[in-house]
Student: 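My structure is below; once you've seen it, I'll send some questions.
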Amino acid sequence: LVLLFLFLLFVLVLVLVLVLVVLLFLFLLLIQVFFWCLFTCVGFFFSSCLNMTTLVVNRGLVMEGNDAEPLLATIIPDSSDHHDGQNHKHHQFTLYKSRYLMLCLVVFLQISNAMVWISFAPIIKAAENYYDTNTFMIDFQSMIFMIISIPFGFLGTYVLNTFGLKAGINIACIMNAIGAVIRFSGDYAQASHTKLIIATIGQGVAAIAQPIFLDSPTLLAATWFGEHERAEANMIASIANPIGIAVGSLVSGLMVTSDTDFASIRWMLLVNAAVAVVVLVFTLLFFKRNPPTPPSHSAEEHHFTFKEGLRHLVVNPAYWCLVIAFGIGIALISTLSSVFAQVTQGNGYTSDDASYFSIAMVGVGFVGAGLCGVLVDKTQAFLPLFKGCFVGATGGVLMFYFVNKPDQLGLLLCACALIGFFAFAALPVGLELCVEATFPVNEGLSTGIIWIASQTFSVIFLTSTNALKGEPRYYNGTIPFNFSGHGTLPPSIVEFHDYSRAVLMFVIVTAIATACILFMRTEYKRLKSERKDDEKYISEK
């Protein structure tokens, strides 16, 4: 009877876990569908406002027997005048509907990885109690992603450059799932420090996957999408990581409701592991190496090898401006997402408030990324848009510095929204600009080094944030508590620190990055390559 009871209990738990995984997967799918519809509507609106219909012209019907399908043609005049007007080159590129499946898989992989990365940041105090450790070790769970991404970033770019997108994605999704499962398995250890060690190992294994996930959007867009789809596809794939940050923050904040709610932490770890495993299965089953035929002229051109690409990047001054400025910008968003709780709790804000800050930044950032993705696709004004985004993001960080005071929740949310709108808008534009400035260097290599630089800056910023913390502040709930520093604190009193100097550091480095971008000059090399043909016809298959 005991064995039968245990068996039935095991089956019941297994069924509950499977139901939870399916529901969570459907939830993530609904999020993706919502933002896909949002970006589609935004794209339609801006396409009408910009009156760019001359870029996309319907060229009639392609007839095959009794079947007919619309032929979407993009007419791009040849930049050279060597043709005589009678000999025109016509090149037909085919876009396959399976490209949307590839995009969705990359999006869900990035969401899963970001959920693992950010899971402890919104619940710092609860995680400290659960693992019986200090704030630094909980911050280290996020920092380890950045540390490991530096050496493994080069390996990830080499894998993508040498073995292709499918091989890189498969390796990364396997590592991501293994890391998430290891984290959850640590819950079965008895000692708190053993749980912490196992969780840190799991974080490290999942962190190995992050460079490949971050490098993949530009390569995916160039491999599967047409010339006038690349920026929007890159935008959707690129903001998947911030979507994962928002979802991960929301899941952690909603599931872990108190600083001693250890059971909810276990469920949170299980949810992260389940999502990673489900996405792994779908990726291994359905992800393809590349389409049967290339989608654009640049996709079929010869790209530099890994060594040739490195030599080309070293002597490209515009690229180094991007590495420094764009790396700082990405690092700032990563750091803020990790330390929102720390830098605001000293002014009386709770972990729930920190989750709202992240959601405001990411949520409004989706709108900014959508608008900018459409703008850059239609106008191809990469550099002016990128400069404008950096100026706006600097204003948002400056506002955050001045309003990070008690009882300013609304203004703080506005500042986070302002940062998110411009910073997230800069992400797809910057990645496309990077490819334009470095073509024909492989997309995974040129953007990969920028991600490595951003992770390096993130480590510096996180370390500096802790080093620049000010005097402690004491709170009884949300009520300030006067304590001389001598004696023992009552159990209900929590200690926080002033991080105004750390936020001032964010303002300074953002201003430096903006100044660097404002003086940047480059030509759009991939666009020049695209216009080698007189006309290109794109059919939907």
Student: For the side chain of Asp132 and the backbone of Glu128, is there at least one donor-acceptor N/O pair under 3.5 Å apart?
Tutor: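 Flag not set: sc Asp132 to bb Glu128 has no pair under 3.5 Å.
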Student: Backbone N or O of Phe108 within a donor-acceptor pair of the Ser112 side chain at under 3.5 Å?
Tutor: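 No, the answer is negative, given that no donor and acceptor are paired below the 3.5 Å cut-off.
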Student: Are a donor atom and an acceptor atom from the side chains of Gln141 and Thr200 found within less than 3.5 Å of each other?
Tutor: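 A donor-acceptor contact under 3.5 Å links the two side chains.
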Student: More than 12 foreign heavy atoms under 6.0 Å from CG of Asn134: is that the case here?
Tutor: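 Yes, the 6.0 Å shell around CG holds more than 12 heavy atoms from other groups.
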Student: With a sphere of 6.0 Å drawn around OH of Tyr131, does it hold more than 12 non-hydrogen atoms of other residues, nucleotides or ligands?
Tutor: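 Atom OH in Tyr131 is packed in, count exceeds 12.
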Student: Is it the case that the side chains of Thr514 and Thr394 hold a donor-acceptor pair, with the cut-off being a distance below 3.5 Å and no angle test?
Tutor: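 Yes, side-chain donor-acceptor contact under 3.5 Å.
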Student: In Å, rounded to the nearest 0.5 Å, how long is the span from CD1 of Ile147 to OG1 of Thr456?
Tutor: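 So the gap between those two atoms works out to 10.5 Å.
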Student: Would you check if the side chain of Tyr524 reaches a backbone N or O of Leu383 as a donor-acceptor pair within less than 3.5 Å?
Tutor: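 Checking the backbone N and O of Leu383 against the side chain of Tyr524, a donor-acceptor pair under 3.5 Å is found.
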Student: Would you confirm whether the ring centroid of Phe390 sits within less than 6.0 angstrom of the ring centroid of Phe386?
Tutor: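 Distance test on ring centres: under 6.0 Å, yes.
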Student: Under 6.0 Å between ring centres: does that hold for Phe140 and Phe120?
Tutor: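 Not under 6.0 Å, so no.
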Student: Does Arg183 reach the main-chain N or O of Val116 with its side chain, forming a donor-acceptor pair under 3.5 Å?
Tutor: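 It does hold such a pair.
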Student: Return the minimal non-hydrogen interatomic distance between Lys387 and Ile517, and the atom names on each side.
Tutor: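 Between these two residues, the closest heavy atoms are CE-O, 3.3 Å.
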Student: So, for Ile182 and Ile198, which heavy atoms are closest and what is the spacing to 0.1 Å?
Tutor: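 Result for this residue pair: O-CG2, 3.2 Å.
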Student: Would you give the length of the straight line joining atom CD1 of Ile245 to atom CD1 of Ile111, rounded to the nearest 0.5 angstrom?
Tutor: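 Output value for this atom pair is 11.0 Å.
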Student: Check step by step if side-chain contact (heavy atoms from CB on, under 4.5 Å) holds for Met399 and Leu411.
Tutor: CA-CA 9 Å; Met399 179 180 177; Leu411 290 176; 4.3 Å; yes
Student: Measuring from atom CG of Leu214 to atom CD1 of Ile452, what distance do you get when rounded to the nearest 0.5 angstrom?
Tutor: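 So the gap between those two atoms works out to 10.5 Å.
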Student: If you apply the rule side-chain contact (heavy atoms from CB on, under 4.5 Å), what do you find for Phe400 with Thr344, and how did you get there?
Tutor: CA-CA 10 Å; Phe400 185 89; Thr344 58; 4.1 Å; yes
Student: Mind listing the closest non-hydrogen atom pair of Phe326 and Ile450 along with its distance?
Tutor: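 Residues Phe326 and Ile450, closest heavy atoms: CD2-CG2, 3.7 Å.
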Student: Parallel, tilted or perpendicular for Phe461 and Phe457, by the 30°/60° rule?
Tutor: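 Ring orientation, 0 to 90° scale: parallel.
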Student: Is there a donor-acceptor contact under 3.5 Å linking the side chains of Ser119 and Ser252?
Tutor: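 No, because no side-chain N or O of Ser119 sits under 3.5 Å from a partner of the opposite role on Ser252.
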Student: Output the distance between atom CD1 (Ile124) and atom CE (Met137), rounded to the nearest 0.5 Å.
Tutor: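 Output value for this atom pair is 13.5 Å.
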Student: Could you tell me if Gln455 and Gln210 have a donor-acceptor pair between their side chains, going purely by distance under 3.5 Å?
Tutor: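 Present: a donor and an acceptor within the cut-off.
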Student: Ignoring hydrogens and angles, tell me if any N or O in the side chain of Ser216 forms a donor-acceptor pair with the backbone of Phe213 under 3.5 Å.
Tutor: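 Looks like yes, one N/O pair under 3.5 Å.
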Student: Taking all non-hydrogen atoms of both residues into account, name the closest pair between Arg311 and Val315 and its distance.
Tutor: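 Reported closest heavy-atom pair: O-CG2, 3.6 Å.
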Student: Here's a test for you: under side chain to side chain donor-acceptor pair (under 3.5 Å), which of Asn272, Asn241, Asn176 qualifies with Asn113?
Tutor: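 The side chain to side chain donor-acceptor pair (under 3.5 Å) with Asn113 is passed solely by Asn176 among Asn272, Asn241, Asn176.
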Student: Considering all heavy atoms of both residues, which atom of Gln203 and which atom of Trp117 are nearest to each other, and what is their separation?
Tutor: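 Scanning both residues, the minimum pair turns out to be NE2-O, 4.0 Å.
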Student: May I ask you to check whether Tyr401 and Phe506 place their ring centres under 6.0 Å from each other?
Tutor: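 No, the ring of Phe506 stays outside the 6.0 Å limit from the ring of Tyr401, centre to centre.
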Student: So which heavy atom on Ile328 is nearest to which on Val509, and how close?
Tutor: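 Closest heavy-atom pair between Ile328 and Val509: CG2-O, 3.6 Å.
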Student: Any donor-acceptor pair under 3.5 Å linking the side chain of Trp320 with the backbone of Val314?
Tutor: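 Yes; at least one donor-acceptor contact below 3.5 Å.
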Student: Quick one, Asn316 and Lys525 - any side-chain contact, counting heavy atoms below 4.5 Å?
Tutor: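 Answer yes - side chains close enough.
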Student: For the pair Tyr319 (side chain) and Cys434 (backbone), establish whether a donor and an acceptor sit closer than 3.5 Å, ignoring hydrogens and angles.
Tutor: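 No, because the side chain of Tyr319 does not come within donor-acceptor range (under 3.5 Å) of the backbone of Cys434.
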Student: Quick check: does any side chain N or O of Thr522 sit under 3.5 Å from a backbone N or O of Ala318, one acting as donor and the other as acceptor?
Tutor: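 Absent.
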